[in-house]
Amino acid sequence: MDYKLQNTASKDAFNYKYLLGKIFPYIKPVLPRALTNLAIAIPLGLLDGIVALSLKPYLDFVVNGNPEHTWTFWGITLHSQAFLAMIIPFGIVGFALFQGVLKYVSNYLTDWTGQKISMSLKKDLFKKLTSMDPQFFDVNSSGIVLTRFLSDPDTASKNIIEMLKSFIATFFGLIGLVGVLLYNSWKLAIIGVTIMAIAITPVTLIRKRIKKVSNASMVVGGNMTTNFNETFAGNKIMTAYNLQNDQNEKFNNQIHEQFHLAMSLTKRVGWMSPIMYFVCSIGIALVMAYGNHLILSGQMTAGSFASFVTSLLLLYKPTKTLGNTLTSLQGVFVAMSRVFELFDINPQIKSPENAIKLKELNNSIDFENVNFEYEADTPILKNLNLHINKNETIALVGNSGGGKSTVVSLLPRFYDIKSGSIKFDGIDIRNFDLDSLRNNISFVFQDNFLFSGTIRDNIMMGNENANSEQLEKVIKMAHLDEFIAALENGLDTYVGERGTTLSGGQRQRVAIARAMLKDAPIVILDEATSALDNKSEAIVQKALDNLIQNKTVFVIAHRLSTIQNADRIAVINEGELAELGTHDELMAIEDGKYKYLYEMQFKRQEQTANA
């Protein structure tokens with residue numbers, strides 16, 4: 001399946017049996033309460049006809065008082081008129097109280113089961129999200145991901161029980177009310193039910209339109225969420241470049257598009273309710289006209305007619321709102337279809353069957369005729385060959401966009417190559433267990449991501465089983481000890497979302513400590529000091545020197561000091577290995593690419609640093 005979530009088709013939105021089968025495993029753990037709730041819906045529906053049914057004896061025996069009956073119990077004589085005048089009103093109140101209690105219990109069970117189903121669904125979806133490889137996140141905006149993984153599950157799971165309950169209650173309500181109609185007059189019942197069936201017919205026309213608008217609304221909603229996320233994360237850039245009007249205009253366009261989609265659905269679905277009202281009113285008019293004839297001809301009492309009309313009005317009420325109800329229900333199935341499409345997305349990068357566990361690097365890493373592209377027919381790396389010995393430090397330099405970061409991203413299989421092979425000790429990395437491969441590689445990026453939590457939490461992510469001695473050791477080696485000692489809460493200082501409460505150099509050192517604690521044999525430094533000032537860089541560089549001792553190291557850097565410490569330098573240009581050697585060897589190449597880079601960039605840095 002395509003990784004791009006915006007390309008959703010909701011192809012199973014009308015396959016109700018399939019969708020109910022897919023969601024049943026999530027309903028199964030709460031099935032006893034769900035069934036209890038659905039069972040309660042039966043008397044809730046049937047009780048709707050009680051009031052209508054009670055009107056017949058009330059009007060015939062109480063209001064008209066004819067015929068009069070008497071009953072004698074233990075010497076006490078009861079007259080039907082007085083007895084029914086007392087018992088029917090109290091009976092109606094009692095039934096209303098009983099129905100109210102049932103509704104409260106039903107609503108509680110609906111929310112409880114809906115929340116439980118949603119919770120289980122979101123857990124599995126989040127697990128699916130964390131299993132996806134980086135390309136999935138490259139092609140999808142944060143807003144679309146949030147909408148698909150958080151909003152759709154709520155719509156699908158919380159509302160499904162509510163809708164099932166409503167339909168059961170409505171169904172049995174209809175049965176009860178139709179029973180009252182037949183009890184009072186089967187002739188009028190035929191008229192009433194026939195009109196109701198005609199009124200329901202237009203509902204079958206709306207399904208595809210709902211699916212189309214729901215999918216389009218999902219895309220717009222996702223774009224709006226992305227806009228919020230970008231405004232939050234990029235607030236400084238927005239303020240620095242006075243982009244507020246641009247962001248506002250973008251959001252205004254999105255909100256107007258959402259409005260037009262909503263009104264488009266209203267135009268195509270909203271006509272159903274007025275038509276149903278009109279058709280139902282014809283039914284009521286026909287019933288009243290024919291009912292008058294039945295009363296005058298003595299075929300029907302006034303009480304029976306009043307009971308019948310009340311039942312008919314109660315019957316037509318859910319019929320007239322059925323359009324909106326089915327619109328909501330179809331929206332639930334569209335959301336459910338989108339949810340289960342997510343489960344059909346499989347990560348393209350995963351461990352093979354009979355995978356080999358990588359324990360350590362013994363000899364070397366080899367890139368052999370490696371070709372790679374992010375998008376089809378747009379090559380990034382071309383026939384790259386590179387041999388790296390164990391415990392060697394190799395620096396990757398070259399023009400911007402030349403493929404340096406791509407080279408190191410292929411080692412932990414963030415992406416898979418198009419052709420060729422990458423081998424650890426002669427074994428293709430695609431044959432290794434993915435977790436064991438990544439356990440042997442540590443990363444320090446230019447902008448290291450810190451999770452919300454404490455400094456301790458972020459460092460311990462490198463090795464959750466590390467003891468306090470190991471933790472203290474890496475803190476000193478990362479030159480974090482003085483900084484942490486100055487904090488009121490020390491290691492338990494909360495760093496906030498993305499670690500924004502720390503400076504760039506402090507974030508880097510926390511990331512280095514995390515990598516040290518992992519103690520992987522392969523270390524990748526991707527522009528690890530390029531965003532720092534000279535003072536911060538000097539401290540971070542000391543920490544990096546401690547990190548890379550006795551490791552196989554890949555360094556991507558723009559700073560001369562970092563490059564000169566490497567055993568060899570690989571010049572990557574336009575996705576190809578242009579030059580390879582030590583600093584002196586590469587400088588000896590007349591008109592060499594490294595020499596040009598050195599003269600244009602690195603030498604200038606050196607002169608600036610010495611000034």
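What you see below is based on every heavy atom in this structure, not just the backbone, and it leaves out hydrogens, waters and symmetry mates.
- Judged purely by atom type and a 3.5 angstrom limit, Asp425 uses its side chain to pair as donor or acceptor with the backbone of Ser364.
- Using a 4.0 Å cut-off between charged nitrogen and carboxylate oxygen, Lys551 and Asp519 count as a salt-bridge pair.
- Side chain of Ser157 to backbone of Pro153: a donor-acceptor contact under 3.5 angstrom is found.
- Using a distance-only test at 3.5 Å, with no hydrogens or angles considered, no donor-acceptor pair links the side chain of Asp366 to the main chain of Glu368.
- Residues Phe251 and Ile255 meet the side-chain proximity criterion, which asks for heavy atoms closer than 4.5 Å.
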Inset, instruction - Please step through side-chain hydrogen bond (donor to acceptor under 3.5 Å, both in side chains) for the pair Asn363 and Asn389, ending with a clear verdict. - result: CA-CA 6 Å; Asn363 297 307; Asn389 292 313; over 6 Å; no
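- Taking the side chain as every heavy atom from C-beta outward, Val571 and Leu577 never approach each other to under 4.5 Å.
- Formation of a donor-acceptor pair under 3.5 Å by the Ser351 side chain with backbone atoms of Leu434 is found in this model.
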Legend entry - Verdict with reasoning, Tyr598 to His583, per side-chain hydrogen bond (donor to acceptor under 3.5 Å, both in side chains): CA-CA 10 Å; Tyr598 176 82; His583 171 74; 4.9 Å; no
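- Around the NZ atom of Lys390, the shell of radius 6.0 Å holds more than 12 heavy atoms that belong to other residues, nucleotides or ligands.
- Here the shortest heavy-atom pairing between Ala156 and Ile23 reads O-CD1, 4.2 Å.
- Classified by interplanar angle (parallel below 30°, tilted 30° to 60°, perpendicular above 60°), the ring pair Phe432/Phe424 is tilted.
- Between the side chain of Asn458 and the main chain of Leu450, no donor-acceptor pair closer than 3.5 Å is present.
- Note that CD1 of Ile572 is 7.5 Å distant from CG of Leu381, once rounded to the nearest 0.5 Å.
- Checking side-chain atoms of Ser436 against main-chain N and O of Leu358 turns up a donor-acceptor pair under 3.5 Å.
- Between the CG atom in Asp481 and the CD1 atom in Ile475 there is a gap of 8.0 Å [rounded to 0.5 Å].
- Using modelled atom types, no side-chain atom of Ser118 and backbone atom of Gly114 make a donor-acceptor pair closer than 3.5 Å.
- In summary, the aromatic rings of His387 and Phe367 are positioned with their centroids too far apart to meet the 6.0 Å limit.
- Among all heavy-atom pairs drawn from Ile569 and Thr582, the shortest one is CD1-C, 4.4 Å.
- Note that CD of Glu341 is 6.0 Å distant from CZ of Arg148, once rounded to the nearest 0.5 Å.
- The CG atom of Leu411 lies 6.5 Å from the CD1 atom of Ile429; values are rounded to the nearest 0.5 Å.
- Taking all atoms of both residues into account, the shortest heavy-atom contact from Ala466 to Met460 is O-CE, 3.5 Å.
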Legend entry - Pair Glu373-Lys418, salt bridge (charged side-chain N to carboxylate O under 4.0 Å, His left out): steps then yes or no: CA-CA 7 Å; Glu373 53 190 34; Lys418 180 182 180 183; 3.6 Å; yes
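- We find that Glu576 and Lys382 are not joined by a salt bridge, their nearest charged nitrogen and carboxylate oxygen being 4.0 Å or further apart.
- Side-chain atoms of Phe451 and Asp457, non-hydrogen and from C-beta on, never get closer than 4.5 Å to each other.
- Checking Arg413, Lys357, Lys350 one by one against Asp433, the salt bridge (Lys or Arg N to Asp or Glu O under 4.0 Å) holds for a single residue, Lys357.
- The closest side-chain heavy-atom distance from Glu249 to Asn253 is below 4.5 Å.
- The residues Lys122 and Asp154 are annotated as salt-bridged, a charged nitrogen and a carboxylate oxygen being separated by less than 4.0 angstrom.
- The residues Arg338 and Asp152 are annotated as salt-bridged, a charged nitrogen and a carboxylate oxygen being separated by less than 4.0 angstrom.
- Side-chain contact, Tyr494 with Asn489: no donor N or O sits under 3.5 Å from an acceptor N or O.
- Of the candidates Ile388, Asp567, Ile548, Val553 forms a side-chain contact (heavy atoms from CB on, under 4.5 Å) with just one, namely Ile548.
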Inset, instruction - Would you check, one step at a time, whether the test side chain to side chain contact (heavy atoms under 4.5 Å, CB included) holds for Ile556 with Ile524? - result: CA-CA 8 Å; Ile556 299 174; Ile524 296 171; 5.8 Å; no
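- No donor-acceptor pair closer than 3.5 Å links the side chain of Asn369 to the backbone N or O of Gly420.
- Checking side-chain atoms of Gln470 against main-chain N and O of Asn467 turns up a donor-acceptor pair under 3.5 Å.
- Between Asp435 and Arg438 there is no salt bridge, since no side-chain nitrogen of the basic residue lies less than 4.0 Å from a carboxylate oxygen of the acidic one.
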Inset, instruction - Would you sort out whether Leu597 and Asn399 count as a side chain to side chain contact (heavy atoms under 4.5 Å, CB included), showing the intermediate values? - result: CA-CA 8 Å; Leu597 281 171; Asn399 59 308; 5.9 Å; no
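- In this structure, Leu129 and Phe137 have side chains that are in contact, with non-hydrogen atoms separated by less than 4.5 Å.
- Taking both residues in full, the closest heavy atoms of Val408 and Ser405 are given as CG2-O, 3.2 Å, listed atom of the first, atom of the second, then distance.
- Side-chain atoms of Leu491 and Ile459, non-hydrogen and from C-beta on, do get closer than 4.5 Å to each other.
- Phe443 and Phe445 have parallel rings, their planes meeting at less than 30° on a 0 to 90° scale where 60° marks the start of perpendicular.
- Although no hydrogens or angles enter the test, the distance criterion places a donor-acceptor pair under 3.5 Å between the side chain of Asp133 and the main chain of Gln348.
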Legend entry - Stepwise side-chain hydrogen bond (donor to acceptor under 3.5 Å, both in side chains) test for Tyr415 and Asp138: CA-CA 11 Å; Tyr415 307 91; Asp138 291 344; 2.5 Å; yes
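- For Lys518, the NZ atom is densely surrounded, since the number of other residues' heavy atoms within 6.0 Å is greater than 12.
- Leu342 and Lys128 get closest at one heavy-atom pair: O-CE, 3.8 Å.
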Inset, instruction - May I have the step-by-step check of side chain to side chain contact (heavy atoms under 4.5 Å, CB included) for Leu547 and Val523, ending in yes or no? - result: CA-CA 8 Å; Leu547 169 64; Val523 176; 3.9 Å; yes
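- Across all non-hydrogen atoms, the minimal contact from Lys404 to Leu396 is CD-O, 3.5 Å.
- Salt-bridge check for Arg456 with Asp492: passed, with a basic side-chain N closer than 4.0 Å to an acidic carboxylate O.
- One distance of note links OG of Ser131 with CD1 of Ile349; it measures 11.5 Å at 0.5 Å rounding.
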Legend entry - Intermediate values then yes/no, side chain to side chain contact (heavy atoms under 4.5 Å, CB included), Thr552 and Ile365: CA-CA 9 Å; Thr552 304; Ile365 298 173; 4.2 Å; yes
Inset, instruction - Take Tyr18 and Ser337, measure what side-chain hydrogen bond (donor to acceptor under 3.5 Å, both in side chains) needs, and give me the verdict at the end. - result: CA-CA 9 Å; Tyr18 165 80; Ser337 176; over 6 Å; no
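- The line from CD1 of Ile394 to CG of Leu580 is 5.5 Å long, rounded to the nearest 0.5 Å.
- The environment of CZ in Phe343 is crowded: more than 12 heavy-atom neighbours from other residues, nucleotides or ligands sit within 6.0 Å.
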